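Since the structure is predicted, the reported quantities are computational estimates derived from the model, not experimental observations. Chain letters run A, B, ... following the sequence lines, proteins first, then strands; residues in each count from 1.
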There are 2 protein chains.
Amino acid sequence: MRVASWNINSVRMRIDLVKKFIDQYNPDILCLQEIKVESNLFPLSTFKKMGFEYNEIFGQKGYHGVSTHSKFPIIYSNKNYWCNIEESRHLHIQLSNGIDIHNFYVPAGGDKPDPQKNKKFAQKLEFLREMERWSKTIDISQATILLGDLNVAPLQTDVWSHKQLLKVVSHTPIEVDLFSKVKNVCWVDAIREIIPEDEKLFSWWSYRSPNWEAANKGRRLDHLWITQPLVKSLVDAIIIRSIRGWERPSDHVPIIADFNWPRSL
Amino acid sequence: MRVASWNINSVRMRIDLVKKFIDQYNPDILCLQEIKVESNLFPLSTFKKMGFEYNEIFGQKGYHGVSTHSKFPIIYSNKNYWCNIEESRHLHIQLSNGIDIHNFYVPAGGDKPDPQKNKKFAQKLEFLREMERWSKTIDISQATILLGDLNVAPLQTDVWSHKQLLKVVSHTPIEVDLFSKVKNVCWVDAIREIIPEDEKLFSWWSYRSPNWEAANKGRRLDHLWITQPLVKSLVDAIIIRSIRGWERPSDHVPIIADFNWPRSL
DNA sequence: GCGCACACCG
DNA sequence: CGGTGTGCGC
């Protein structure tokens, strides 16, 4: 079973890139973030034509929005608001093969890493605290995936320069600390299970950096976490860097994990 | 000598269509209207690469704007404001072969054809009155071309339905009357010299009409007028209707006139 | 830099 | 419908 996550930065602008990605990488489950569209304007037919019979859309006008597309039956889904803010950032689905998938788009947090002066940063910290409390309710004997654009690059090797990003939102100690607390509740970082922690690894390169490839000032903001029951099934994990070089790309690239998991239980 | 006029509706959005047009129709002089760009952001290099060594840009931020591009030397140019309004609507150039070319973008005139209630319509009428007075200053022994988007369809055969457009701005009697007064000062309608007046002829089809080709609810808003010394040199005149069917087209198509005129005098 | 929103124009 | 501008978010 191949699971992919991609912050697509407008699913309508990039529907052809989505098609190309599906053609080339053939995921069974595709989770998108920042679809930037209302649910009823989502280009659903494209996904149906590409073999995704089961689709859950948690859209929103203009901003945020997440969607999960599956070739396997989805037997349950749930859309949640976080921090009492009506933004579409979390979509939970359960597959008929017994796996739960939580698709997240964590708030970016604005520019200044100061929760007093910057309300967006305060919201991000509160979101992470809520994720920690929520993780404690997760059944650790259940096969569960938490994935998406979590907007935090936790390791020194998850950013192009640890030193230069210590005061930059996404890599500040307070965020990284809260992020670790969430993860340590019950999650295993599937990407870093496969790719050693000492290897530089990014999933996002700013649009504002013109020479993204040569400069390589990236960050690993996209993650795929799993509970213990899935760890022994994890076969591979990759980040498709080359997609950042496609025509009119998203600033994020897809991340993929492969599992050896029975189709039905 | 081939002279073309085209309301391009943003020269930046449609620079590839401009290239394609030049490749296929090879004008010596190309006059554009509604370039919708400041002079210093105009994509000049494209024109230089395509063989237009002489270029005059009368740009404006966001709206209006006209430009004239020539393979023959431009020995004089002048940018004029009309009705004391600072909008870029008239660019005069003189070629080394002795021909004057006045590139015009006449105000569209808004929705309601009522100069009391609609200031834009009042401006359009005043613009036409000013054009009449100005035409009287034209030396009728001089080879001069007046062309552009004049935003009036004068003849019954210049609109898809004379009756249904009598109260629609561009074909109201008051506009048509003022328009005729301008023309009758000294101008000959080169297009109608070649294409009989009883033949329906359009240069514009609204974006709002989805089936533009089948419905064919067009209007002839673009014109090319000449003074007497050029009439005997006029060889041909065409309106390139097919260009309305190109990818992401302008709502106007180019008009072209061919002259048998010596390159230098 | 590059999406979105909205308002204005034709 | 499809350009422009502006402001906003990431």
Task: B/Y63 OH - D/dG2 C1' separation (whole Å) - done: 12 Å
Task: Between C/dG3 (C1') and A/M13 (CE): distance, integer Å - done: 7 Å
TODO: Flag the pair A/L91 / A/F104 as yes when at least one side-chain heavy-atom distance between them is below 4.5 Å, and no otherwise.
DONE: no
TODO: Would you kindly give the CD-to-P distance between B/Q60 and D/dT4, to the nearest whole Å?
DONE: 14 Å
- [ ] Just compare D/dG3, D/dC10, D/dC1 and give me whichever is closest to any side-chain atom of B/R14.
- [x] D/dG3
Open item on the list: Assuming nearest nucleotide by heavy-atom distance, tell me which of A/S209 and A/E38 is located more 5' along DNA chain C.
Closed with: A/S209
TODO: Measure from the side-chain heavy atoms of A/Y207 and tell me the nearest of D/dG3, C/dC2, D/dC10.
DONE: C/dC2
Task: Side-chain heavy-atom pair B/W204, B/W212 within 4.5 angstrom cut-off - done: no
- [ ] Select base, sugar-phosphate, or nothing to describe what B/H64 touches, counting heavy atoms under 4.0 Å on all strands.
- [x] nothing
Open item on the list: Do B/L150 and B/Q33 make a side-chain contact, defined as non-hydrogen atoms from C-beta onward lying under 4.5 Å apart?
Closed with: no
Task: d(CG, A/D149; C1', C/dG3) in whole Å - done: 14 Å
- [ ] State which of D/dC10, C/dC4, D/dG3 makes the closest approach to the side chain of A/E34.
- [x] D/dC10
Task: Value in whole Å for how far the C1' atom of D/dG3 lies from OH of B/Y105 - done: 11 Å
Task: Nucleotide nearest B/R12 (side chain, heavy atoms from C-beta), chosen from C/dG10, C/dG3, D/dT4 - done: D/dT4
Task: Integer-rounded Å distance: C/dG10 P and B/D111 CG - done: 9 Å
Task: Lys/Arg N to Asp/Glu carboxylate O, B/K20 vs B/D23, below 4.0 Å - done: no
Open item on the list: Parallel, tilted or perpendicular: which one describes the rings of A/H92 and A/H102, with boundaries at 30° and 60°?
Closed with: parallel
Task: Residue mapping more 5' on DNA chain C - nearest nucleotide basis, A/R248 or A/K61 - done: A/R248
- [ ] Could you tell me the separation between the CG atom of A/N9 and the P atom of C/dA5, rounded to a whole number of Å?
- [x] 12 Å
Task: Nearest-Å distance for atom pair NE2/C1', residues A/H252 and C/dG1 - done: 13 Å
TODO: Can you figure out which of D/dG3, D/dC1, D/dC10 approaches the side chain of B/R208 most closely?
DONE: D/dC1
